[in-house]
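In what follows, chains carry the letters A, B, and so on, assigned in the order in which the sequence lines appear, proteins first and then strands, with residues in each chain numbered from 1. Values reported hereafter were calculated over all heavy atoms of this structure, with side chains retained and with hydrogens, waters and symmetry mates removed.
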2 protein chains.
Amino acid sequence: MLKRVNHIAIAVPDLAAAASRYRDLGVATTEPQDLPEHGVRIVFVEFENTKIELLEPLGPNSPIAAFLERQPAGGIHHICFDVDDISAAIGTATENGIRLLGGGEPKIGAHGHPVVFAHPKDFQGTLVEFEEN
Amino acid sequence: MLKRVNHIAIAVPDLAAAASRYRDLGVATTEPQDLPEHGVRIVFVEFENTKIELLEPLGPNSPIAAFLERQPAGGIHHICFDVDDISAAIGTATENGIRLLGGGEPKIGAHGHPVVFAHPKDFQGTLVEFEEN
């Protein structure tokens with residue numbers, strides 16, 4: 001069911017500074033993109049084999065604001081795995097006792113694909129996203 | 001300087017349970033390997049494009065014991081990036097104001113390659129490892 005690591009998401013207090021850090025070390029970054037419906041501004045750091053998604057809060061109700069209150073310097077927020085079929089993935093996860101957030105209903109994620117998040121308690125303390133790709 | 005995400009390391013309280021979770025979702029895992037000189041027992045979860053390294057404390061002075069005291073359920077411990085040349089990477093990092101742990105002296109890491117860790121304060125709160133590969 002899980003194939004590839006689509007991205008590693010890192011919440012940061014200063015998106016421009018974070019992107020610059022990676023560029024200075026020779027990794028290409030995308031232009032910042034506002035995703036107001038998700039409450040984040042993002043930049044992708046494009047490694048040869050996968051991506052880091054840098055997330056900065058956007059707007060007053062950003063889902064990552066509380067995370068940055070706990071960890072003001074930033075930190076790894078979640079890992080996203082590609083799955084072939086989000087409905088099949090939800091079925092397999094549920095059969096394996098993995099609790100899904102949002103009632104297990106897939107939503108259209110920040111990148112236009114169906115996604116669902118699993119409870120960190122069922123993944124060794126790590127917030128995990130499944131993305132149909 | 002940074003090329004690929006070599007692995008994402010996740011500290012876990014129960015290595016067998018964590019490995020089983022990923023196997024049940026269709027990802028191959030390696031046999032557990034004791035690395036007493038590093039104070040960890042590890043399993044790699046082998047995705048198509050990169051790896052997760054599951055880390056369980058081994059012995060009383062494990063470097064991840066304190067991490068698991070703070071986060072008993074586990075959590076993401078560090079990200080490891082491949083670099084071509086560890087000495088050149090140390091030079092570039094230092095020129096960019098990135099503080100390196102252990103006085104910036106490379107050591108032979110858990111996988112037999114020279115490694116050095118950067119200070120999380122200089123990477124948006126994320127502990128980062130550079131591995132020569």
Testing A:His113, A:His111, A:His77 one by one against A:His7 for a ring pair (Phe, Tyr, Trp, His ring centres under 6.0 Å), which residue passes?
A:His111
So which residue, A:Val12, A:Ile76, A:Ile79, A:Val83, ends up with the most heavy-atom pairs under 4.5 Å with chain B?
A:Ile76
Most heavy-atom pairs under 4.5 Å with chain B, out of A:Thr126, A:Asp122, A:Val5, belong to A:Val5
For a 4.5 angstrom cut-off between non-hydrogen side-chain atoms, does B:Arg21 reach A:Asn96?
yes
Contact class of A:Ile10 relative to chain B, heavy atoms under 4.5 angstrom:
side chain
Salt-bridge present (A:Lys3, B:Glu48; N to O < 4.0 Å)
no
Among the options A:Leu54, A:Thr50, A:Val27, A:Leu25, pick out the one with the most heavy-atom pairs lying under 4.5 Å from chain B.
A:Leu25
Neighbour count >12 (heavy atoms, 6.0 Å) for atom CD, A:Glu31
no
Using a cut-off of under 4.5 Å for heavy-atom pairs, which of B:Ile52, B:Asp14, B:Val45, B:Asp24 has the most such pairs with chain A?
B:Asp24
What is the ring orientation for A:Phe81 with B:Phe47, classed by angle as parallel under 30°, tilted 30 to 60°, or perpendicular over 60°?
parallel
Can you tell which of B:Lys121, B:Arg4, B:Met1 has the highest number of heavy-atom pairs within less than 4.5 Å of chain A?
B:Arg4
May I ask you to name which of A:Ala73, A:Gly97, A:Pro120, A:Ala93 has the most heavy-atom pairs under 4.5 Å with chain B?
A:Ala73
Hey, mind stepping through A:Phe123 and B:Tyr22 against ring-ring contact (aromatic ring centres under 6.0 Å, His included) and telling me if it holds?
CA-CA 9 Å; A:Phe123 262 99; B:Tyr22 285 96; 5.6 Å; yes
Picking from A:Ile98, A:Thr92, A:Asp82, A:Leu127, which has the most non-hydrogen pairs under 4.5 angstrom with chain B?
A:Ile98
